[in-house]
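Written out below as structure tokens is the structure these notes cover.
Here is the naming used below: chain letters follow the sequence lines, and residue numbers restart at 1 for every chain. The structure presented is a predicted model; accordingly, all values stated were derived computationally and were not measured.
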Number of protein chains: 2
Amino acid sequence: MTYSIAEAARRTGLSIDTLRYYERIELIDPPARDTGGRRTYSEDDIGWLGFLTKLRTTGMPIRLMREYAKLRRGGPATASRRKQILVEQRRDVLERIAELQGSLDVLNYKITNYEQIEKDMAGLLAAPQEAAS
Amino acid sequence: MTYSIAEAARRTGLSIDTLRYYERIELIDPPARDTGGRRTYSEDDIGWLGFLTKLRTTGMPIRLMREYAKLRRGGPATASRRKQILVEQRRDVLERIAELQGSLDVLNYKITNYEQIEKDMAGLLAAPQEAAS
DNA sequence: ATTTGACCTGGAGTGCACTCCAGCTCCTAC
DNA sequence: GTAGGAGCTGGAGTGCACTCCAGGTCAAAT
């Protein structure tokens, strides 16, 4: 089973332009073509694109994804460097998560402040009625 | 106590150019100036910059930070909108963390694969010796 | 046979968040 | 009084990751 570029885009969540762009910058190998010269993406192509998008969501720069892609073409001999890239990326992701959690604390603190302000405002609004009663 | 732009940069981790840039785009109010026309950042300025950088690390676009900054100038009347922005950002951060955790699973899976390959390689290297012994 | 719609190419354009630069002023130290 | 260093301004340039476009091809449907 193969997929047209439109189907590949739908399945990967990337745009058609991005798929062609990834090919241009040699992030992916040129997919096969049909008789009309149109790209046909294999299941493997889709899987690789899926992995790449996972790497993208970790914030890996395309530069590094390209290196990984290039190594992948180099076969088993490049496995240790590839592993190294992933291990480093995992470290980055863990750092990023910790950083986000830190920011989350700040957000929660600020939000709590605003809730306190809301409570105070409600108190001020209620007060005159209490005084009137 | 006030700080020169160089000190403010050091304290906030932003560059001098970024500080001036933030001022230009009205993300921060123009700081006071000394007699020579040089910027002098107050403790409050530094605190606000610190909060802004926290927001930046959450991935909040500068566009939105500008809106928040503008609201802040608007005083208490804008508190509920400001809170709303922070609550939405908190949701985004939680999503982002979940997404990163998902990517982490993929990375761990791949890394485990590479480790398995390494073990297999070691086995292949060891085998001839075993045969020889 | 022609219209339609998906896809093709090379190249230009976009938005974001900075970052750098030239040419200037101002204060401090010698 | 002059040399050096920090800071000033307006504006241009950068890197990244797309995104869009014009002008063309190709196959299927009418």
Side-chain angles (χ1 to χ4, degrees), chain A residues 2-42 45-46 49-70 89 92 96 99 103, chain B residues 2-42 45-46 49-70 89 92 96 99 103:
Chain A
T2 62
Y3 306 99
S4 72
I5 195 165
E7 284 168 315
R10 201 182 49 73
R11 278 173 190 262
T12 59
L14 297 166
S15 74
I16 289 174
D17 272 313
T18 298
L19 287 174
R20 287 196 283 242
Y21 165 68
Y22 279 5
E23 187 181 335
R24 257 197 266 198
I25 63 172
E26 292 176 85
L27 191 52
I28 58 176
D29 290 326
R33 301 285 181 126
D34 67 14
T35 51
R38 293 186 196 136
R39 291 170 180 79
T40 58
Y41 293 84
S42 70
D45 290 337
I46 303 292
L49 282 165
F51 179 57
L52 287 178
T53 57
K54 276 287 173 201
L55 289 184
R56 278 299 292 128
T57 69
T58 69
M60 183 183 282
I62 282 193
R63 206 180 65 251
L64 195 50
M65 295 186 1
R66 273 190 64 189
E67 185 187 345
Y68 190 93
K70 198 174 166 188
Q89 195 60 22
D92 286 0
R96 185 90 190 93
E99 189 181 51
S103 307
Chain B
T2 63
Y3 306 100
S4 71
I5 195 165
E7 285 168 314
R10 202 182 49 72
R11 277 170 192 265
T12 58
L14 297 167
S15 74
I16 289 174
D17 272 314
T18 299
L19 287 175
R20 287 197 283 241
Y21 166 67
Y22 278 5
E23 187 181 334
R24 257 198 266 200
I25 64 172
E26 293 176 85
L27 191 51
I28 58 176
D29 290 326
R33 300 287 179 125
D34 67 12
T35 52
R38 294 187 196 136
R39 291 169 180 79
T40 57
Y41 293 84
S42 70
D45 290 339
I46 303 292
L49 281 165
F51 179 57
L52 286 178
T53 57
K54 276 289 172 199
L55 289 184
R56 278 298 293 126
T57 71
T58 70
M60 184 184 281
I62 282 192
R63 206 180 64 252
L64 196 50
M65 296 186 359
R66 273 190 65 191
E67 186 187 345
Y68 189 94
K70 198 174 166 189
Q89 195 60 22
D92 286 359
R96 184 90 190 93
E99 189 182 52
S103 307

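Fit an axis to the five pairs at each end of the helix from C:dA1-D:dT30 to C:dC30-D:dG1 and the two axes sit 10° apart, to the nearest 10 degrees.
Of the inter-residue distances, the one linking A:R11 atom CZ with A:D45 atom CG reads 12.5 Å to the nearest 0.5 angstrom. With rounding to the nearest 0.5 Å, the separation of CE in B:M65 from NZ in B:K54 is 13.5 Å.
At most 12 non-hydrogen atoms from other residues, nucleotides or ligands lie less than 6.0 angstrom from CZ of A:R63.
Atom CG in A:D34 sits about 20 Å away from atom P in C:dG5, given to the nearest Å. In this structure, OH of B:Y21 is placed 17 Å from P of D:dT9, rounded to the nearest angstrom. Separating the CD1 atom of B:I25 from the C1' atom of C:dA17 is a distance of 8 Å, rounded to the nearest angstrom. Taking atom CG of B:L14 as the reference point, atom C1' of C:dT19 lies 13 Å away to the nearest angstrom. B:E23 places its CD atom 15 Å from the P atom of C:dC18, with the value rounded to the nearest Å. Protein atom CD1 of B:I5 is 12 Å distant from nucleotide atom C1' of D:dT9, rounded to whole Å. Separating the CG atom of B:L27 from the P atom of C:dC16 is a distance of 14 Å, rounded to the nearest angstrom. Taking atom CD of B:E7 as the reference point, atom P of D:dA6 lies 12 Å away to the nearest angstrom.
Put simply, the side chain of A:L27 does not reach to within 4.5 Å of the side chain of A:Y21, judged on heavy atoms. With contacts defined as side-chain heavy-atom distances shorter than 4.5 Å, the pair B:R20/B:I5 qualifies. For the pair B:E23/B:P31, a side-chain contact is recorded, criterion being any heavy-atom separation below 4.5 Å from C-beta on.
An OP1 or OP2 oxygen of D:dT9 is reached within less than 4.0 angstrom by a side-chain nitrogen or oxygen of B:R39. Dashed line: the shortest gap from a side-chain N or O of A:Y22 to OP1 or OP2 of D:dA17 is not under 4.0 Å. At the phosphate of D:dT9, neither OP1 nor OP2 sits under 4.0 Å from any side-chain N or O atom of B:R20. OP1 or OP2 of C:dT19 has at least one side-chain nitrogen or oxygen of B:T18 nearer than 4.0 Å.
For B:S4 and A:M60, each mapped to the nucleotide of DNA chain D holding its nearest heavy atom, the one lying further toward the 5' end belongs to B:S4.
Between A:S15 and the options A:T12, A:D17, A:T18, a side chain to side chain donor-acceptor pair (under 3.5 Å) holds for only A:T18.
Distance alone, capped at 3.5 Å, places no donor-acceptor pair between the B:R96 side chain and the B:T58 backbone. Checked by atom type and distance alone, the side chain of B:T2 never pairs as donor or acceptor with a backbone atom of B:T40 at under 3.5 Å. With hydrogens and angles disregarded, a donor-acceptor distance shorter than 3.5 Å links the side chain of B:R56 to the backbone of B:M60.
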Could you list the protein-to-nucleotides 24-30 of chain D atom pairs, N/O on both sides, closer than 3.5 Å?
unit_1: D:dC26; atom_1: O2; unit_2: A:R38; atom_2: NH2; d: 3.2

Any protein N or O atoms within reach of nucleotides 10-15 of chain D? Criterion: under 3.5 Å, listing atom names and distances.
unit_1: D:dG11; atom_1: N7; unit_2: B:R24; atom_2: NH1; d: 2.9
unit_1: D:dG11; atom_1: O6; unit_2: B:R24; atom_2: NH2; d: 2.8

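Proximity note for A:R33 (side chain, C-beta onward) versus D:dC8, C:dA17, C:dC8: the nearest is C:dC8.
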